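Each remark here refers to the structure printed beneath this line.
All residue numbers refer to positions in the sequence shown, counting from 1. Quick caveat: nothing in here was measured; it's all calculated off a predicted structure.
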Amino acid sequence: MRKFFLHTYSKSKSFDLNTESALAAEPTGLGNSFATAYKDSDKGKHLVNVTPSFEPIVLKIYFNADGSEGYANYKGLMLFLAECGTTEFLFEYQDGVTDKYCDVVFKSATKSEPNEEGVFCETFTFERQTYWYERVEDSFALKNTAADATRFPLGFPFGFFGRVFNKKQYVSNPFHIAAPITITISGQIADNIRIYIATLDDKIVAEIKLSTNNVDGRVILIEPNTKKITVSQNDTVSNGYGLTDKTKQSFLYLPQGDYYIGSDMTQDDAGQIAFAIKRFLLD
């Protein structure tokens with residue numbers, strides 16, 4: 001059975017569309033669509049571009065299958081959507097085989113009276129922004145860990161005095177769209193921070209340089225999905241965009257193919273740089 005959920009982008013709040021007070025049915029727009037562009041020549045038309053052109057996701061939502069009049073249930077969903085505002089949020093789709101997400105924005109909702117049978121059903125439309133992507137992101141961290149607490153094999157391990165230092169990690173992206181990489185920096189890192197993507201023969205294809213090291217209690221979050229860099233310390237959150245070297249990238253995206261992700265951390269650093277790679281699906 002298909003199931004649908006809505007989440008704020010941080011996943012701090014969710015709305016279940018599979019209950020008797022809000023039951024989604026008759027979905028459309030869950031597939032994929034592409035726009036093609038051609039150029040005319042003496043030899044005929046030639047394909048020059050193919051771009052995703054997602055149809056809107058449309059759901060009929062029944063608000064009184066629980067026997068209520070449904071208006072309070074409708075208002076509950078509208079309050080959730082008001083909290084999401086005009087920014088992107090998450091649409092979750094479980095089809096019984098895979099559990100996946102896409103980013104959407106709220107476009108429209110009808111509002112009418114219950115029909116002659118007393119059924120209160122309204123049509124909600126969400127503009128889809130992305131391909132579907134996996135629920136569980138590919139995650140790993142570059143850090144110094146105890147050997148007995150480290151899973152093997154690592155992409156690039158070496159041991160010393162019962163420790164394992166993971167300085168770079170092999171990663172692969174089979175999809176034709178570059179995968180956004182969320183980066184979380186925490187703990188003690190002595191030198192200014194550099195993070196890079198390199199080919200398997202060590203040619204740098206993208207890198208981030210920060211004009212800061214890091215200390216215990218401070219967390220730097222580099223989030224390409226929302227285009228934000230934040231610094232959290234002592235219950236205070238500030239904008240960290242000014243820390244970046246503007247001659248380099250502000251955010252990292254993993255191209256199609258096989259690469260290493262690495263950093264300039266040393267084995268003496270007690271902190272870590274954690275990565276979460278969004279995996280897109282042609283589903």
Side-chain angles (χ1 to χ4, degrees), residues 49-52 98 100-101 130-187 189-214 220-225 227 229 243-283:
N49 198 19
V50 179
T51 56
T98 59
K100 47 192 170 285
Y101 293 89
T130 67
Y131 290 98
W132 296 106
Y133 51 87
E134 294 181 7
R135 176 180 181 179
V136 179
E137 296 178 322
D138 186 5
S139 301
F140 61 92
L142 304 180
K143 60 181 179 178
N144 182 357
T145 59
D148 59 2
T150 303
R151 292 187 305 170
F152 289 91
L154 290 172
F156 184 74
F158 61 88
F160 52 95
F161 299 107
R163 308 288 292 179
V164 172
F165 179 47
N166 191 30
K167 186 175 181 178
K168 67 178 182 179
Q169 179 89 13
Y170 167 79
V171 288
S172 179
N173 177 19
F175 202 69
H176 66 280
I177 299 297
I181 304 173
T182 299
I183 303 170
T184 305
I185 302 165
S186 60
I189 299 175
D191 296 325
N192 287 357
I193 296 163
R194 173 177 174 261
I195 305 163
Y196 62 86
I197 299 174
T199 62
L200 299 188
D201 56 356
D202 292 323
K203 294 180 181 178
I204 303 297
V205 299
E207 63 181 313
I208 292 173
K209 285 186 176 180
L210 301 181
S211 59
T212 184
N213 56 0
N214 204 55
I220 301 173
L221 177 64
I222 303 174
E223 178 53 272
N225 299 293
K227 300 296 190 295
I229 301 175
L243 299 174
T244 60
D245 181 339
K246 303 305 185 293
T247 67
K248 308 298 181 183
Q249 283 74 32
S250 297
F251 306 98
L252 289 185
Y253 299 83
L254 182 64
Q256 186 177 33
D258 299 324
Y259 298 90
Y260 286 119
I261 292 179
S263 77
D264 284 353
M265 291 175 61
T266 74
Q267 63 191 41
D268 296 322
D269 290 324
Q272 69 170 23
I273 303 175
F275 301 84
I277 303 174
K278 181 181 288 185
R279 297 293 189 180
F280 289 114
L281 306 165
L282 192 63
D283 200 335

Heavy-atom distance under 4.5 Å between the side chains of Arg279 and Phe175, does that happen here? no
Between Asp269 and Asp191, is any pair of side-chain heavy atoms under 4.5 Å apart? no
Test Ile273 against every option in Ile220, Ile185, Thr184, Ile222 by the side chain to side chain contact (heavy atoms under 4.5 Å, CB included) rule and name the one that passes. Ile185
Which class fits the ring pair Phe275 and Phe140: parallel under 30°, tilted 30 to 60°, perpendicular over 60°? parallel
Identify the heavy atoms of Tyr253 and Pro224 that sit nearest to each other, and give their distance. OH-CB, 3.6 Å
Should Ile261 and Ile277 count as side-chain neighbours, where that means a heavy-atom distance under 4.5 Å? yes
I'd like to know if the side chain of Asn173 reaches the main chain of Leu254, judged simply by a donor and an acceptor atom lying under 3.5 Å from each other, with no hydrogens or angles considered. yes
Measuring only between side-chain heavy atoms, which start at C-beta, is Lys168 closer than 4.5 Å to Asp202? yes
Quiz question: by atom type and distance under 3.5 Å, do the side chains of Lys209 and Ser211 form a donor-acceptor pair? no
Answer whether the closest heavy-atom distance between the side chains of Leu210 and Thr244 falls below 4.5 Å. yes
Describe, in one word, how the ring planes of Tyr133 and Tyr101 are oriented to each other, choosing from parallel (under 30°), tilted (30 to 60°) and perpendicular (over 60°). parallel
I want to check something: taking the side chain as every heavy atom from C-beta on, are Pro52 and Tyr131 in contact at a cut-off of under 4.5 Å? yes
Strictly distance-based, threshold 3.5 Å: is any side-chain N or O of Thr98 a donor or acceptor partner for the main-chain N or O of Lys100? no
